[in-house]
Amino acid sequence: MSQLPISYDIQFSLSKASGAAARDMTLLSLFSNKTNFLHGERVKLASTWDAFQKLCTAGDSIYWAGNAFFSKTNKPTRMAVSAIFDADQAAYALSASVKLAELKAVSDGAFKITVDGSEKDITGLDFQSTTNIEDVVGVLNGAAGGAFVASEYNGQLLIKSATQGESSKITYATAGSDGTDVSAMLGLTQDTGATIADGYKHGTFLEEINECMKYASKIGVNIFGFALDSGYRDKQEQKDFADWVNARSYRAVCSLVSNNPTAYSAVDKDNIVAYCNSKGIENTSTFYDDNAQVYPDVAYLAEFLSVNYSLDDQVIDGKFKDIGIEAVNLPDVEANWTVLENKRCNTILYVGDTGFKVVRNGDQSSIKWRTDSWVNICNFISELEIETLNVFLRNKKVSYTPKGQNLLISAVSKIGTKYTKNGSFADREEQDVNSENGLSLVPAVQIIPQEIYETTSAQRKAGIGTPIQVIVNDSGSMRTIALNITVVE
């Protein structure tokens, strides 16, 4: 029986839609000068508490930041630590896997490596008594003669130049002039997957921050949440950081902590709390805490960055949230809190005698924003930006016609509907004397495009699309309530 395949008449093609992927708006990074990171891997991420503990030393400031994050139920899937260097760094070669079993059979090992422009021919290496990386390190340092410094680094072998800065250089290892070649056994050759990096001249505090951001971009991660190591609290670097974050506008949300009682001084103008408030910094919140070891900023940001904007009714208000941080002790609670509140500074207090310790008040330093409304609008802008970009990427052409304009309006409408469903925006009742019941309903999201016929010849020539005005109604948060009680006999 002669048969033609169905594909002779019906053709299918399968492909993934091209377009820009959604931007990750959940990643929080702690910026710290207390790391032991190599300068060639200055941003590291962890998804579990066990993994995070490998990035720090138990009990240090980074450890407590991670503890504040990973002890929470509501948190994003991972947290980053970004390294700030206060000193120049040495060139290094970081091994791939070290073949301990093969090395143990070698009593006349040799390899060459060039450090700071000088070739070092290392011979006579006896590894017969080695059982771990630390033993290998001892053999290498005994033969190095100061040419380099070997150490163990997260289970790998690390070879560093004895000099630091831009002039510090190192190469991959190669076979030695005499003896058994151990360059590959040590995992220090290019073929085995070793990593080498020239020395690094450290920059100013803000230059270091920028280097962290460049590295984050290089490895494909988007840092949206920003926190500082507790060692920077109430120092000039903290203010510099606030100004730097401020310049990122809706690309960032930050929280900064003061441990100085001047935070609740009515006359102080110098504390980070007063500084951010007086400058009206929109993307930063401040906290006062009387314990220098704890990180209310990290726990607070984690709460907001964990919101799933794809689900209905998910957005939160920061006020009255228990973020897992102990309440502070204020000498004169009501008076001190009034000052903090006036400066839009958050803290953790008990609610009456209920035993509940919660955030008061969930505000940004700027009077314009609560933290929830800021994070919500930042996510909205990010998703709207990507959805609009995809209109251009996925269509052959977006013409100056109602059809072309509707492609863009549809993108705005899609994201607007999503953010209405998740609770960021809401319809709003307003008085209307022309309405039968005296009220009218203003939509949560209003989309007002420029009419096509208003397009100028200059716009068409430049390919400038018809502007679209998007007006959104923040759903708001009820935070206090007056209860009027009438007793009728």
Side-chain angles (χ1 to χ4, degrees), residues 35-48 50-55 78 80-83 85 89-106 108-123 125-128 130-144 147-164 166 168-177 179-200 211-212 214-221:
T35 75
N36 64 349
F37 298 176
L38 298 172
H39 61 274
E41 47 178 28
R42 63 190 306 157
V43 178
K44 294 188 176 184
L45 296 90
S47 299
T48 66
D50 286 344
F52 189 91
Q53 290 181 82
K54 295 178 181 178
L55 308 182
R78 56 185 182 171
V81 178
S82 300
F85 294 104
Q89 302 295 301
Y92 67 84
L94 182 63
S95 77
S97 177
V98 177
K99 299 177 180 178
L100 290 171
E102 294 182 25
L103 283 172
K104 196 169 180 62
V106 176
D108 62 342
F111 69 94
K112 289 181 181 179
I113 191 167
T114 299
V115 183
D116 297 335
S118 176
E119 184 180 75
K120 310 298 180 183
D121 190 8
I122 309 298
T123 60
L125 299 171
D126 186 352
F127 296 103
Q128 292 181 99
T130 60
T131 58
N132 52 43
I133 297 291
E134 288 79 3
D135 292 339
V136 173
V137 165
V139 172
L140 294 177
N141 283 332
F148 57 77
V149 178
S151 61
E152 183 273 338
Y153 182 79
N154 295 334
Q156 296 167 274
L157 177 62
L158 179 66
I159 304 293
K160 279 188 173 183
S161 164
T163 65
Q164 295 80 36
E166 293 176 339
S168 183
K169 307 288 183 182
I170 203 165
T171 66
Y172 295 107
T174 58
S177 61
T180 302
D181 177 20
V182 294
S183 58
M185 297 181 202
L186 293 171
L188 293 174
T189 67
Q190 186 171 9
D191 288 343
T192 56
T195 302
I196 61 171
D198 289 341
Y200 171 71
E211 288 300 316
C212 291
K214 289 178 185 176
Y215 186 84
S217 178
K218 177 182 174 181
I219 63 175
V221 298

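As the structure is a computational prediction, the values presented were derived from the model and not from experiment.
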CA sep, side-chain torsions, deciding dist, call: D191, T189, side-chain hydrogen bond (donor to acceptor under 3.5 Å, both in side chains) | CA-CA 5 Å; D191 288 343; T189 67; 5.6 Å; no
Mind checking side chain to side chain contact (heavy atoms under 4.5 Å, CB included) for S118 and listing every partner two or more places apart, or none if nothing turns up?
->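 S118 satisfies side chain to side chain contact (heavy atoms under 4.5 Å, CB included) with K120 once adjacent residues are dropped.
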Listed by chain and number, what are the side chain to side chain contact (heavy atoms under 4.5 Å, CB included) partners of A46, not counting sequence neighbours?
->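 A46: side chain to side chain contact (heavy atoms under 4.5 Å, CB included) contacts with A51, F52, L55, F70.
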Which heavy atom in [X] sits nearest to a heavy atom in [Y], and how many Å separate them?
| X | Y | value |
| --- | --- | --- |
| A194 | Y172 | O-CE2, 3.4 Å |
| E211 | Y200 | CG-OH, 3.6 Å |
| S177 | T123 | OG-CG2, 4.3 Å |
| N141 | F148 | OD1-O, 4.2 Å |
| L158 | Y153 | CB-CB, 4.0 Å |
| S161 | D116 | OG-OD2, 2.9 Å |

Side chain to side chain contact (heavy atoms under 4.5 Å, CB included) evaluation trace for T174 with S183 = CA-CA 6 Å; T174 58; S183 58; 5.5 Å; no
Find out whether [X] and [Y] are in side-chain contact, i.e. whether some heavy atom of one side chain is under 4.5 Å from a heavy atom of the other.
| X | Y | result |
| --- | --- | --- |
| E102 | T180 | no |
| I159 | L186 | no |
| T195 | Q156 | no |

Report the distance from atom [atom1] of [X] to atom [atom2] of [Y], rounding to the nearest 0.5 Å.
| X | Y | atom1 | atom2 | answer |
| --- | --- | --- | --- | --- |
| E134 | S151 | CD | OG | 10.0 Å |
| N154 | E152 | CG | CD | 6.5 Å |
| K218 | R42 | NZ | CZ | 11.0 Å |
| D126 | K104 | CG | NZ | 10.0 Å |
| E119 | I113 | CD | CD1 | 10.5 Å |
| D121 | K112 | CG | NZ | 5.0 Å |

Is a side-chain donor or acceptor of [X] paired with a backbone partner of [Y] at a separation under 3.5 angstrom?
| X | Y | value |
| --- | --- | --- |
| H39 | D198 | yes |
| T114 | T171 | no |
| D108 | G179 | no |
| E41 | V43 | no |

Please set out all donor-acceptor pairs under 3.5 angstrom arising from side-chain atoms of residues 91-99, sequence neighbours excluded.
residue	atom	partner	partner atom	Å
Y92	OH	G40	N	3.3
S95	OG	L157	N	2.8
S95	OG	L157	O	3.4

Would you please test L125 and V106 for side chain to side chain contact (heavy atoms under 4.5 Å, CB included) and show each step?
-> CA-CA 8 Å; L125 299 171; V106 176; over 6 Å; no
Please say whether more than 12 non-hydrogen atoms of neighbouring residues, nucleotides or ligands are located less than 6.0 Å from CD in Q128.
->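 Enclosed: over 12 neighbouring heavy atoms sit under 6.0 Å from CD of Q128.
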